[in-house]
Structure formats: structure tokens, C-alpha cells
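First comes the structure, then the notes that go with it.
Letters A, B, ... are given to chains in the order of the sequence lines, protein chains preceding strands, and every chain is numbered from 1.
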Number of protein chains: 2
Amino acid sequence: MATISDVARAAGVSPATVSRVFNGGRVTAERAERVRKAAAVLGFSPNRVARSLRTQRASVIGLLVPDVEDPFFASLARGVEDTALRGSLSVVLCNTDDDVEKERRYLDVALAEQMAGVIVAAASRTRTDLSGLVARGMPVVAVDRRPRAAEVDAVTVDDRHGAEDATVHLLERGYERVACIAGPAGTSTSEDRLAGYRSAMRDAGTSDEQIHDRTRHGDFRVEGGHAAMRELLALPERPDAVFVANNLMALGALQALREADVEPPAFGVLSFGDLPWASLVRPPLTTVQLPSYDLGASAAELLQDRVAGSGKPLQTVVLRTVLRVRDSTRGPAPRPA
Amino acid sequence: MATISDVARAAGVSPATVSRVFNGGRVTAERAERVRKAAAVLGFSPNRVARSLRTQRASVIGLLVPDVEDPFFASLARGVEDTALRGSLSVVLCNTDDDVEKERRYLDVALAEQMAGVIVAAASRTRTDLSGLVARGMPVVAVDRRPRAAEVDAVTVDDRHGAEDATVHLLERGYERVACIAGPAGTSTSEDRLAGYRSAMRDAGTSDEQIHDRTRHGDFRVEGGHAAMRELLALPERPDAVFVANNLMALGALQALREADVEPPAFGVLSFGDLPWASLVRPPLTTVQLPSYDLGASAAELLQDRVAGSGKPLQTVVLRTVLRVRDSTRGPAPRPA
DNA sequence: GGGCGTCGAGAAAACGATTACAACGAGGGC
DNA sequence: GCCCTCGTTGTAATCGTTTTCTCGACGCCC
């Protein structure tokens with residue numbers, strides 16, 4: 001690779017001048033032209049590593065998600081990447097597997113790598129520690145999940161209302177014993193969605209004991225949804241519908257239902273979080289659609305502002321969910337009169 | 001952040017000694033201990049940017065895929081990331097959208113960023129140009145799709161045989177007019193799969209004209225599959241089964257079938273490339289399972305070898321596909337005798 | 001015409017690590 | 001006892017940029 005000095009020599013100027021040409025310094029038109037020509041001939045493009053070292057700012061941001069194989073986070077990642085590209089930032093992808101230790105190691109890398117900033121879907125609301133980054137002046141944006149300490153910008157969805165609306169929908173459709181497969185304790189999304197479910201159930205007159213009995217916690221993964229659904233089906237007072245707190249667990253729940261020969265919509269199924277194939281499953285699945293792409297895009301925009309040095313006060317952007325009603329919640333079989 | 005000199009001062013040694021402690025140089029045990037203690041106290045970890053500049057080698061690799069929202073590439077990305085992590089490399093994610101120009105820009109970034117290497121699922125077999133990177137000594141591994149110029153390592157699947165087996169399966173199940181929704185011309189995966197389909201059809205005695213008439217090209221995306229399926233359904237001699245060359249187009253094809261009230265398995269549907277929900281669609285979809293994760297993992301391993309300076313001759317690793325038979329190809333309705 | 005402000009360009013000092021080289025001390029062989 | 005060798009350590013150069021000075025030239029105003 002040609003260096004800035006090579007270009008300088010070829011154009012008969014100093015390296016400083018070349019740098020100024022590429023960074024918008026004041027250079028006479030004639031010299032700038034000579035530099036540009038020389039750079040083109042030599043195929044020069046500034047070494048970003050050296051630039052980073054000097055400016056103490058990289059053109060790379062980190063994106064920490066639990067698992068990019070989850071369609072929700074894949075879409076979010078896509079939103080981040082598209083937006084970052086427009087700001088000529090590169091995105092380093094990190095899968096944390098919701099493992100706080102793994103997450104911590106990645107955050108250390110972000111520091112050592114002098115990344116321009118980090119977007120993180122925190123593995124744990126209480127145990128994820130972003131204060132080290134913040135203290136060292138690294139811009140951080142929380143996405144999807146709120147971290148406990150509120151010292152960073154955040155982009156989330158309105159989990160609580162989304163879950164409440166969804167649960168109300170199930171009740172309105174005539175289901176009488178609506179169960180809930182919640183996420184793991186300790187993530188804000190899980191807790192908020194559970195809160196929404198509970199709130200709707202209480203409003204409908206269900207007792208706290210019943211609500212508690214009909215709630216299971218999964219791990220936001222297929223297997224967890226499967227196991228939780230089996231437990232729910234084994235209850236003495238078997239539920240007739242389930243609100244599942246994320247897409248992958250809904251997949252597991254559907255499998256469990258199929259194994260037990262229980263079919264929607266006689267048994268109502270509603271997934272919080274869309275699935276690309278939700279309309280193809282028979283019957284098509286009612287879902288709460290999450291603006292996953294926009295979540296990523298907004299987070300990336302917010303981060304870019306911070307990287308550029310915006311001094312705005314911290315903000316939390318909350319995006320809306322949309323209930324997409326399909327056949328899986330059409331209503332229970334009419335009861336014999 | 002503490003620098004190496006800070007640590008050196010705190011430990012009462014020279015920066016060189018600190019560096020040696022961290023890079024396996026010869027240092028007396030007593031001093032090494034002092035250095036480690038000082039580093040721990042100061043929370044020091046070597047600045048990777050400075051290290052990269054000095055050693056001319058980064059700890060970041062680029063991963064260029066068409067679209068990480070495609071479950072196939074998401075899984076592949078996951079394989080790359082997991083493997084890279086073990087070698088303490090970070091992965092920069094780049095979505096090319098199969099756009100050669102966008103891909104070229106990303107390759108330029110890889111150079112400017114001095115990345116350790118690049119794994120690329122080439123946007124085009126003929127127009128993707130990796131020679132610039134290779135000429136500058138950057139390790140490159142092609143994944144999933146073979147580039148034309150064979151001067152790089154590659155990890156692919158056995159597309160041709162997989163497609164041939166799949167087509168044979170459809171024929172064996174009694175379908176008589178097996179159509180094909182192929183990918184865009186110009187990618188090796190598309191061409192190899194089409195070749196496999198053709199080969200099986202010819203062996204079954206189908207004429208080249210008929211084969212040609214029953215073939216449509218899509219863009220590897222949902223919409224392309226949808227459009228192609230509609231065209232196929234409108235043929236005067238309507239096919240009774242379709243071999244779809246990738247997962248997303250299969251999704252589109254299924255939608256088109258549903259809109260036309262055509263149901264598998266009376267109409268056979270087989271997807272090349274798995275879908276996480278293939279078993280949930282009714283009827284469950286027969287697929288050719290691709291080792292997407294392993295594809296990524298192998299590519300990352302190969303790249304790490306190269307980064308470490310392995311002088312082995314170039315290699316191409318070909319992974320096997322597995323035909324996963326499900327109900328969508330159970331066979332056509334028995335014909336009236 | 002002199003002083004002053006402005007603008008452009010170059011020299012050189014960072015940024016924080018690695019590493020070639022030289023220096024130094026100790027130990028062993030003769 | 002001297003010299004050679006070997007193993008550790010420190011000094012300083014280096015990677016390729018950006019950026020702060022400094023300097024010179026130029027133009028303008030009084």
C-alpha cells in the first residue's frame with residue numbers, strides 16, 4: 001500500500017498537505033489537484049489504523065446482540081449496518097449468547113480496539129456493566145433492552161403496552177385461561193412484557209395466584225418455549241391460550257402443541273415478536289410486530305450523533321409495536337350450550 | 001486508558017519489558033510478576049490500534065455476505081464469529097445485497113482498515129474482483145460461492161449433487177413435470193444447482209426444451225420466488241412440482257401456491273437450503289439441508305491458518321448436503337385410472 | 001512604505017505499541 | 001584471572017497519520 005509520504009513525494013508536497021487535501025484543510029486548488037492525481041495513480045487510501053491511532057477515534061462500532069441467528073436480531077443488525085454504512089462506519093458483530101461474561105470480554109475488546117462506540121442489547125439488566133465504557137468516554141447506546149443504570153442513550157419498544165394489548169386481544173377473543181411464557185428474569189424486555197400480561201389479566205379479574213400459576217419462564221430460545229408449553233399443558237386447569245414473550249419460544253411452543261395434538265385457534269397462540277414465516281404456519285400466527293430494523297437504525301443514528309460529539313442530554317427512544325391479528329387467535333371452539 | 005509506559009513506570013521497568021511480558025518474550029519471573037501486578041492495578045490492556053499499526057496486522061476480519069437477514073447467512077455468520085472468537089479475532093459484518101459496487105467498497109475498507117483477512121460470499125462469480133486483495137497479500141477465503149479466479153481458498157457445498165439428488169427424489173415420488181426456480185445467473189451456487197437439476201431431468205428422459213421451459217430465474221429473494229412461481233403456474237403445461245434453488249425463494253413460491261389454492265404435496269415443493277421453520281409449515285417442507293454454520297466455521301478456520309502464515313497450497317473444502325424428506329413431497333394425488 | 005492580519009505550506013511531534021540493537025552482568029572454561 | 005558467551009534489559013527507531021507550530025509571502029490599510 002502506498003503511504004501518505006509516497007503521495008507527497010510524487011506530488012512534490014509535504015505529507016501534511018496531502019493530509020489536508022483528504023481532510024478538508026485549506027490547500028490551494030492547484031496543489032490539491034496535483035495531490036489528488038498522484039493519489040489516484042498510486043491507488044492511495046489513508047491507512048485507517050494509523051489514523052485511528054493518531055485521532056484516538058476509530059471508524060468501527062461494536063454491536064452486541066444475544067444471537068444473530070434470531071431473526072429479530074438479524075433484522076436489527078441489518079438496520080444498524082445500513083445506517084452505519086451511510087456514516088462510513090463499520091460494524092463489528094458480537095454474539096453474546098446472553099452470557100454476561102462473554103459480553104464483558106467483548107466490551108473489553110471494544111475498549112482495546114478503540115472503537116468509536118458500542119450498541120448493546122444487554123445480556124442482563126442488572127449484571128451488564130456499561131459504566132467502564134461510559135467512564136472512558138466511549139459512546140454507548142442500549143438497544144431493545146434497557147440497562148439498569150440510565151447513563152446511556154436507549155432505543156426500545158413499548159414492551160409493556162404491546163404485551164397488554166396482546167393479552168387483551170386474547171381475552172376479547174373469548175379465551176378464558178390465558179397463560180404466559182415469559183422470558184428469563186433479569187432482562188427488561190422480559191419483565192416489561194410480563195408486566196403487560198399481568199396488568200391485562202388483573203384488569204380482567206384474574207387473581208394473582210392464577211396469574212402466577214399460569215406463568216412459566218423460558219430462556220428466549222426454542223427449547224425453553226417447548227419445555228414451558230409442555231408444563232402448561234400438564235396443568236390441572238389447562239390453559240386455552242398462551243401469550244409467548246418472544247418469537248423463538250413461540251416456535252418451541254408451537255412444536256409442543258403439535259406434539260400434544262392441540263391445534264390453534266382452539267388453543268390461542270400469540271407471539272410477541274414477528275417471525276418471517278408467521279403467515280405460512282397453519283393457521284397463520286397472530287404476532288406483535290416489532291420494528292426490529294428501525295430499532296437498529298435508530299440506535300445507529302443515535303450513536304453516530306454521540307460519536308460526532310453531540311452534547312444533547314441522554315435520550316430514550318421508544319418505538320411502537322403493532323398487533324398483527326391472524327388466525328391463530330380466532331377464538332376457542334364454541335362451547336356446548 | 002493506561003498505556004504500556006504507565007505500566008512500565010509503575011513496575012519500574014522499561015516499556016519493552018512490559019511488551020515482552022505480554023507477548024511471550026524472555027523475562028525473569030520476578031519482573032514478569034511485578035509487571036503483571038502493575039498492569040492489573042492500572043487495568044491495562046494493550047491498545048490494539050497501536051499494535052496493529054506497528055505489526056501491520058490487525059485482529060479483525062471482514063465477513064461479506066449478501067444479507068444477514070437470510071437465515072442461511074445468519075447461521076454462516078454465527079459459525080464465522082464463534083470460530084473467530086476462539087482465535088481472538090473480531091468479525092466485521094458487511095451486507096453486500098449482491099451488489100458488486102457495494103462489495104467493492106467494502107473490500108476497499110478491508111484494505112484501508114488493514115484487516116487480517118476477509119471471508120466473502122461473492123456477489124458475482126465473474127465480476128467480483130478479489131485480485132487486488134490477494135496482490136496486496138491479504139488472506140481471502142471464498143465461502144458458499146466460488147469466485148471465478150481460483151487464487152483463493154474456498155469452502156462450498158456440493159450444490160450440484162445436492163440439487164441432483166433433490167430432483168431425483170421428486171421424480172421418484174412420482175411427480176412428472178418438475179419445474180425449477182433457479183437463482184440469478186452469475187453466481188456459482190445458482191449455476192451448480194441448476195446444473196444438478198438439469199442433469200437429473202435429462203437422465204429421466206426430459207427434453208432440453210421442456211427443461212428450459214420449466215425453468216425460471218429468481219433473485220434468491222422472496223419476491224423473486226413468488227413471481228417465478230406465478231409464471232410457472234401459468235404455463236400451458238402446468239408443472240406438478242418445483243425444485244426451488246434457495247430458501248427465501250421457496251418462501252415466495254409457497255405464498256404464490258397458497259394464493260393459487262395449490263397445496264403440497266399434490267404439488268411437490270422442495271427447497272434447497274433449510275428454513276428454521278420448515279417443519280412447522282403445513283405440510284412440513286422437504287429441504288436440502290445445508291451446513292451453513294459449518295461453512296462459516298470452516299472458512300474462519302481456513303482464514304486463521306492463512307493469517308497465521310500457513311504456506312499450504314490453496315484448498316477448496318466441499319461440504320455435503322443432506323436431503324431432509326418431509327411431507328411436502330409425499331407424492332402427487334393418485335391419478336384416476 | 002511600514003505594520004498587521006491572513007493564508008498556505010512544511011517541519012516535527014505526537015498517538016502507543018513492537019522490536020532490532022546494543023549494553024550489561026554473570027557464569028563457565030581454560 | 002581473563003575472555004567469551006549467553007540471557008536480560010533498556011534505548012530508540014519505527015509503523016502512517018494528524019495536527020500544532022512556525023515561517024514566509026502576500027495584500028491591505030493607514
A/Arg34 and A/Glu30: CA distance, side-chain angles, deciding distance, salt bridge (charged side-chain N to carboxylate O under 4.0 Å, His left out) verdict: CA-CA 6 Å; A/Arg34 242 163 54 211; A/Glu30 182 262 343; 2.8 Å; yes
Winner on side-chain proximity to B/Arg20, out of D/dG10, D/dT8, D/dT18, is D/dG10
Of the candidates C/dA12, C/dG16, C/dA17, the side chain of A/Ala16 sits closest to C/dA12
B/Arg78 with A/Asp70: basic N within carboxylate O range, under 4.0 Å: no
Closest nucleotide of DNA chain D for A/Thr17 versus for B/Glu30: which of these residues is on the 5' side? B/Glu30
OP1, OP2 of C/dG16 versus side-chain N and O of A/Gln56: anything below 4.0 Å? yes
Tell me whether the OP1 or OP2 atom of C/dA14 has a side-chain N or O from A/Arg54 closer than 4.0 Å. no
At under 4.0 Å, does any side-chain N or O of B/Thr55 touch on OP1 or OP2 of D/dC15? no
Below 4.0 angstrom from OP1 or OP2 of D/dG10, is there any side-chain N or O of B/Ser14? yes
Taking only side-chain N and O atoms of B/Ser19, does any of them lie within less than 4.0 angstrom of OP1 or OP2 on C/dT18? yes
Measuring to OP1 and OP2 of D/dC15, would you say a side-chain N or O of A/Asn47 lies under 4.0 angstrom away? no
It should be established whether B/Arg31 places a side-chain nitrogen or oxygen under 4.0 Å from OP1 or OP2 of nucleotide D/dT9. yes
C/dA9, D/dT17, D/dC15: which one has an atom nearest the side-chain heavy atoms of B/Leu53? D/dC15
So, is A/Arg26 near the phosphate of C/dC7, with a side-chain N or O under 4.0 Å from OP1 or OP2? no
